[in-house]
Amino acid sequence: MAYPRIASLKTHDQFISRLAELGLELPSDENVKQGDASPLAQPIQLKHDVVGNRFCILPMEGWDGTTDGKPSELTRRRWKNFGISGAKLIWGGEAVAVRHDGRANPNQLIMTESNLASIESLRHDLVAAHEERFGNSDDLLVGLQLTHSGRFARPNEKARAEPLIAQRNPGLDPRFGITDDSKLLSDDDLKRLIEDFIAAAVRSQRAGYRFVDVKHCHGYLGHELLGGHDRAGEFGGSFENRTRFLRDIVAGIRSEAPQLEIGVRVSIFDFVPYKPGDDRVGIPEPDANPRLMFGGDGSGAGMDLNDPSRLMSLFESLGIELVCSTAGSPYYNPHIQRPAYFPPSDGYQPPEDPLVGVVRQIQATAKIKQMHPNLTIVGSGYTYLQDWLPNVAQAVVRTGMADSIGLGRMVLSYPDLPADVIDGNVMTRKKVCRTFSDCTTAPRNGIVSGCYPLDPFYKAMPERKQLADLKSNG
């Protein structure tokens, strides 16, 4: 199914007209301001820190660390690019596993004692690059995302899933060959994992990170527990039980790393898993149980923000002020999580114009912000806006729909976009991410991740031909 590409919308009027054709409400400023007059250049005052502007680098799952969980030179290059980006909030830069069996791939970083110094050096690299370009880092806030991949763990071989699950799920279990409860984490397993999160947070404080993100998104373990309505025991069923994992981690961090701030990246709504239909367009899994989707309305394809709002109230009671909103999962419903025109090799064609998914996320985030104005909320899902990202980002911040604009895939191809926007430079169109999804197709086929179409560094790598051959044969 074909939709007009964003790159074909050459004027702001054309972009606004396309939104109107789709019946979408999305604010967009025709003129993007620069310098001190820019809403995107305004600082954010937190309880204990100041963030210098309204751009945030989102954490991404790195596929280029060493097998023992340390950064490689490719990892360092990416973090230095984050440093020169101009964004003043670095939400982890990387999803870092708290222990080996929680790695989403065999090259993901792990926050162990033996890896602490090298992961600390990543922060030094980023800060040094930022200071070299911008003079100082006084208003730069750098955190680290801590994760356990749960159902999506592949710690030893890229092609071999080794899932650890919070509950059985008829829409997902068959994808992992799960036919019994042998992969189900017990309450005691979760209690030991809580201690691993706390230990990783203590190491993060020692490494100089200002905050940690206790990851609760994208179908990974923390997120799956939020939807654990069918789980028995202390960590499932009631809202209190489904949030016990988070609450116990936060309590431990407060006790053992009291100088460390805490944030949470959370999927504020979810749809059932999708799969390719006969025409490769995504359709819902027929056996999926919509009751298990946190923030879902029970239909499998709609949202109910009551439970997510309760979670935000819990954050406030726990003294958490940094929240990064996202939705769904890149594995089982990417069209709502990171809308793209071109799906990855193992994905499906979008069942809707990707602009619909962008607006859905931005509007859901705005509703959460309206209900919880005291939280500092970073929004996600902006990359597909491409050339019109700055116009929408400015309008979103100006109207209070979110406090900060999160950028993921976009900064792989165009790392210094935040600086260009705030400085009033004309965007470099040849660097704008067009959501080709090569940065996802590559690692899902055992190739190191990167922006092969647009980043000259990755364009020159021999893996580019390997990826091209794979796509042409796929």
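Small disclaimer: the values here were computed from a predicted structure and weren't measured.
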Any donor-acceptor pair under 3.5 Å from [X] side chain to [Y] backbone:
X      : Y      : answer
Ser309 : Leu305 : no
Asp353 : Tyr3   : no
Glu61  : Glu94  : no
Gln466 : Pro462 : no
Ser267 : His218 : yes
Gln370 : Ala366 : no
Arg254 : Gly319 : yes
Arg54  : Asp403 : yes
Asp304 : Gly295 : no
Ser121 : Ser118 : yes

Checking side chain to side chain contact (heavy atoms under 4.5 Å, CB included) against Tyr414, which of Asp455, Leu454, Asp420 comes through?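 Single pass found, and it is Asp420.
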So does [X] pair up with [Y], basic N to acidic O under 4.0 Å?
X      : Y      : result
Asp438 : Arg464 : no
Glu352 : Arg360 : yes
Glu132 : Lys80  : no
Lys215 : Asp213 : no

Does Arg434 count as lying over the ring of Phe342, i.e. NZ or CZ under 6.0 Å from the six-ring centre, within 45 degrees of the axis? no
Over-ring placement of Lys88 relative to Phe134, 6.0 Å and 45° cut-offs: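 Relative to the ring axis of Phe134, which defines the angle, Lys88 lies inside both limits.
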First locate atom [atom1] of [X], then atom [atom2] of [Y], and finally report the distance between them rounded to the nearest 0.5 Å.
X      : Y      : atom1 : atom2 : result
Leu74  : Arg78  : CG    : CZ    : 7.5 Å
Asn391 : Leu385 : CG    : CG    : 9.0 Å
Asp416 : Ile422 : CG    : CD1   : 12.0 Å

Quick one: side chains of residues 258-265, donor-acceptor pairs under 3.5 Å with protein atoms, not counting sequence neighbours, listed by atom name and distance.
unit_1	atom_1	unit_2	atom_2	d
Arg265	NH2	Ser380	OG	3.0

Any idea which heavy atoms bring [X] and [Y] closest together, and the distance?
X      : Y      : result
Gly328 : Ile336 : CA-CD1, 3.9 Å
Asp270 : Met293 : OD2-CE, 3.1 Å
Gln108 : Gly102 : OE1-O, 4.0 Å

Residues at least two apart in sequence or cross-chain that pass ring-ring contact (aromatic ring centres under 6.0 Å, His included) with Trp91, listed by chain then number, are Phe211
Would you indicate whether the side-chain heavy atoms of Ile16 and Thr11 approach each other to under 4.5 Å? no
So, Ser72 versus Thr75: side-chain donor-acceptor pair below 3.5 Å or not?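 Their side chains do contain a donor-acceptor pair, which is all the 3.5 Å distance test asks for.
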Between Ser345 and Asn445, does a side chain to side chain donor-acceptor pair (under 3.5 Å) hold up when you go through it step by step? CA-CA 8 Å; Ser345 61; Asn445 288 276; 2.9 Å; yes
Mind telling me whether His216 and Phe245 have parallel, tilted or perpendicular rings, with 30° and 60° as the class edges?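 Plane angle between 30° and 60°, so tilted.
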